[in-house]
Amino acid sequence: MARHAFCASCARVHRSIPFQQPPCRCLVTPVCCSSVSSQRRQPSLVLDSYFPIRLLIEIRMSKSWLRTAVVWLGAWRRLFPLLIGLLLVARATGATSRCSRNSINIGRIIEALLADYDVHMLPDADGANVTIELHVQGVSGISEITADFELDVMYSEIWHDSRLGFKHLNVCATNITLKSDFRDKIWTPDTCIINSKDSSIHSSPSENTFVILYENGLVWANYRLKVKAPCKMDLQMFPFDSQQCSLVFESYSFNSDEVRLVWHDTPVTMMEKVELPDFRLIGWNTDHKRLQYPNGVWDRADVQFTFARRYGFYLFQSYFPTSLTVISSWVGFFFDVRSVSARITLGVSSLLALTFQFGNVLRHLPRVSYIKCLDVWMITCVIFIFLTLVELAVVCQLNRWERERQIGSKVLGHWLNTIRKTRSANTRSNGLVSAMGSDSGGSRAANVLRKRLGHNLIGHSGIKNVPNPIATSPVSASPVIDKTVAIQSPAGDTPRTPAPDPLSNPIVARFCQALINKKRPEQADGASTTAETQLLSPTPTTPSNDDAVTSPASGSGGGVTELDVLLPQRMDRLPTLNRRKLTRRRFARLRDWLRGVWERDWSLSSVQVDRISMLMFPIAFGVFNLCYWCIYYIKMDRPV
């Protein structure tokens, strides 16, 4: 019974499965039956070791396809967790065994690559194209004295060498990083900074270089360098200048047929913003050149950095103090003229202060032979202060002359007063007699001139058949231009009736005035020249019969004279004479004006010179500032 009861549980499990043998001969042990029944009640991921055997027995003993399908589904429900577990285990095993540097035998790879490697051979028969790039870490400083700059860069060069490809070695890595000693075992383009004054590879603590090999044969070499390179210092616009500093890369061993340098798509990269006390980096540009040497043509790649000077320091330390120094030197204009010592002290102190400021700036600059922008400012300020001292000297000299004139005028006045007092009586009498004598002498000279002029014009001019209205009347002492003169008797009696002046005739007066002013026209024939000579000659001449032209209609009371014949010929040329006369008058007026300016009394007092200086010096300094800043702002080739 006990066995049958125990087997009853197995019979319940396999109730639907008809056994060919009695249930007592069931291959399933009681333990197995109990475990199977518990698994059916609560599925578990843990499987017993008899499950595959039981599954095969059940499939073999099944009589229908439906029952077989039900058996397979039950089997897959138990196999699915097993498959998931196997996948997870395989994944974990693959993660722990992935490709790493330690899993690669780099020494064997290098030995395989360098087995038949020749360092002296080019990577390609046509030469190598070397791509270069820069990563600028920072700029240490720029020196105007030595004309150079220092910077720290990471320099990279990339080229292709098919002999170093390791793809055929079935290595799990696509690239391997090697130490710097590997660079000595392979071919390198031998690039260098050809214009550097000093360069070195950083060693902190080991050498900062590496080489990376790619599976396709690409080689990437990187160096961390400290470089000192030259700058083209042009200080004409100092302190508003911008300086150009350059690095020039070139292959030292191979010409352009063997090595060609090419800039990367991003040739220069700034790892941080460049900030210097005196300069700021405003840009850079790259270029590629080819330079002819005696033994061939070399490729050259250069990069040029542009630095703009920070001029704020010079505005506050040079321009503003010097401007105040120049303005303070003008305070002496408001001092009294007698305060000479104070004005000299102020001017000399200003000049010394400006010289000290100028020397302090020049101490940090190279000794160049051309004029800098700051030099123009400093020299002009020195000139302004020097002119204040010159103005002081002029004022002192004028003040001394004024005092001498004052003292001299007092002494001279006292001496003249003494002479006037001692000779007052004789001076009055002699002055009256001399005045009367001079008046009579002047009248006598005027009478002689009048007589001579009238005699030449009328009595000796060859005029025929013309009655002389003043032949029997004496000539007065009035000027020549007067039309009537008052004739006075020698004894001082009542004046006679005024006689007509010989110049009352307008034609004669015009002709005589032209002769007196030396405005004679050009002579066309000898007869006219003779007539004018006779008019101007003081000696009387006897007219010839050929010179007289008599009109057939004239009677005893009238006739045609030589003057009537000559005047119409001269009147044709009056427009030319008028133009010449107008031009000469203009030149005469200009000459008189210049003579008046020259002879004018331009004497100034010391006070007037100071007042003029109070206005002229500030105005001149303001005009200089305006021109200075406008001109150099236009010439400035950098951003403000």
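FYI, the numbering just counts along the sequence from 1. For the numbers below, each heavy atom of this structure counts, side chains included, while hydrogens, waters and symmetry mates do not.
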Show your reasoning for whether side-chain contact (heavy atoms from CB on, under 4.5 Å) applies to Ile194 and Arg300.
CA-CA 9 Å; Ile194 198 67; Arg300 174 173 289 187; 4.0 Å; yes
Hey, is the main chain of Cys231 close enough, under 3.5 Å, to the side chain of Gln244 for a donor-acceptor pair?
no
Apply the test side-chain contact (heavy atoms from CB on, under 4.5 Å) to residues Met154 and Met271: give CA-CA distance (whole Å), side-chain angles for both, the deciding distance (0.1 Å), then the verdict.
CA-CA 10 Å; Met154 290 184 179; Met271 303 183 68; 4.3 Å; yes
One should read off an interatomic distance between Glu207 CD and Tyr223 OH, to the nearest 0.5 angstrom, of 9.0 Å
When you measure from the side chain of Asn195 to the backbone of Val248, do you find a donor-acceptor pair of N or O atoms at a distance under 3.5 Å?
yes
Would you call Phe333 and Thr388 a side-chain contact if the rule is heavy atoms closer than 4.5 Å?
yes
From CA spacing to verdict: side-chain contact (heavy atoms from CB on, under 4.5 Å), Val609, Ser613
CA-CA 6 Å; Val609 172; Ser613 300; 4.3 Å; yes
What verdict does the side-chain contact (heavy atoms from CB on, under 4.5 Å) test give for Leu134 and Leu247, after you've listed the backbone C-alpha separation in whole Å, the side-chain angles of each residue and the deciding distance to 0.1 Å?
CA-CA 11 Å; Leu134 289 178; Leu247 296 177; 4.3 Å; yes
Return yes if a side-chain donor-acceptor contact under 3.5 Å exists between Ser156 and Asn222, otherwise no.
yes
In this structure, are over 12 heavy atoms from other groups packed under 6.0 Å from Met614 atom CE?
yes
Where is the tightest heavy-atom contact between Ala301 and Trp263, given as atom of each residue plus distance?
CB-NE1, 3.4 Å
Could you check whether any side-chain N or O of Glu157 sits under 3.5 Å from a backbone N or O of Pro189, counting only pairs where one atom can act as donor and the other as acceptor?
no
Is the centre of the Trp377 ring less than 6.0 Å from the centre of the Phe358 ring?
no
For a quick test of reading the model, state the closest non-hydrogen atom pair linking Ser350 to Ser329 and the distance between them.
OG-CB, 3.9 Å
Quick check: closest heavy atoms across Lys226 and Ser140, and the distance to 0.1 Å?
NZ-OG, 3.9 Å
Checking the side chain of Asp198 only, and the main-chain atoms of Ser196 only, is there a donor and an acceptor separated by less than 3.5 Å?
no
OG1 of Thr380 to CG of Asp375: how many Å apart, nearest 0.5 Å?
10.0 Å
Side chain to side chain, Cys396 and Arg343, heavy atoms closer than 4.5 Å
no
Parallel, tilted or perpendicular, judged at 30° and 60°: which one describes the rings of Phe249 and Tyr155?
parallel
Between CD1 on residue Ile619 and CZ on residue Phe617, distance to nearest 0.5 Å
12.0 Å
Which atom pair, heavy atoms only, marks the closest approach of Ser203 to Asn208?
N-OD1, 4.4 Å
Less than 4.5 Å apart, any side-chain heavy atom of Val139 and any of Phe305?
no
Do Gln304 and Asp302 get their side chains close enough for a donor-acceptor pair, meaning under 3.5 Å?
no
If I compare all heavy atoms of Val331 with all of Leu346, which pair ends up nearest, and what's the gap?
CB-CD2, 3.9 Å
Got more than 12 heavy atoms from elsewhere within 6.0 Å of CH2, Trp629?
yes
Looking only at atom types and distance, does a side-chain atom of Ser328 sit under 3.5 Å from a main-chain N or O of Thr325, one as donor and one as acceptor?
yes
Close side-chain approach of Met233 and Leu365, heavy atoms under 4.5 Å:
no
Heavy-atom side-chain proximity of Leu362 to Met378 below 4.5 angstrom
no
To the nearest 0.5 angstrom, please state how far the CH2 atom of Trp298 sits from the OH atom of Tyr293.
8.0 Å
With under 30° as parallel and over 60° as perpendicular, where do the rings of Phe621 and Phe624 fit, or are they tilted in between?
tilted
Ring-plane angle category for Tyr628 and Tyr319, please: parallel below 30°, perpendicular beyond 60°, tilted otherwise.
tilted
So, do Phe307 and Asp278 sit near enough that their side-chain heavy atoms are less than 4.5 Å apart?
no
On a heavy-atom basis, the closest approach of Thr191 and Leu261 is CG2-CD2, 3.8 Å
Would you compute the distance between atom OH of Tyr314 and atom CZ of Phe320 and round it to the nearest 0.5 angstrom?
15.5 Å
Can you tell if the side chain of Leu281 reaches within under 4.5 Å of the side chain of Met270, non-hydrogen atoms only?
yes
What I want to check is whether the side chains of Arg403 and Gln406 have a donor and an acceptor closer together than 3.5 Å.
no
Non-hydrogen side-chain atoms of Val394 and Glu391 separated by less than 4.5 Å:
no
Do other residues, nucleotides or ligands put more than 12 heavy atoms under 6.0 Å from Lys289 NZ?
no
Within 6.0 Å of OH in Tyr370, more than 12 heavy atoms from elsewhere:
yes
CZ of Arg310: more than 12 outside heavy atoms within 6.0 angstrom?
yes
Can any side-chain N or O of Asp152 pair as donor or acceptor with the backbone N or O of Gln137 at less than 3.5 Å?
no
Between Asp241 and Arg309, does at least one N-O distance fall below 4.0 Å, as a salt bridge requires?
yes
Does OH in Tyr633 sit with more than 12 non-hydrogen atoms of other residues, nucleotides or ligands closer than 6.0 Å?
no
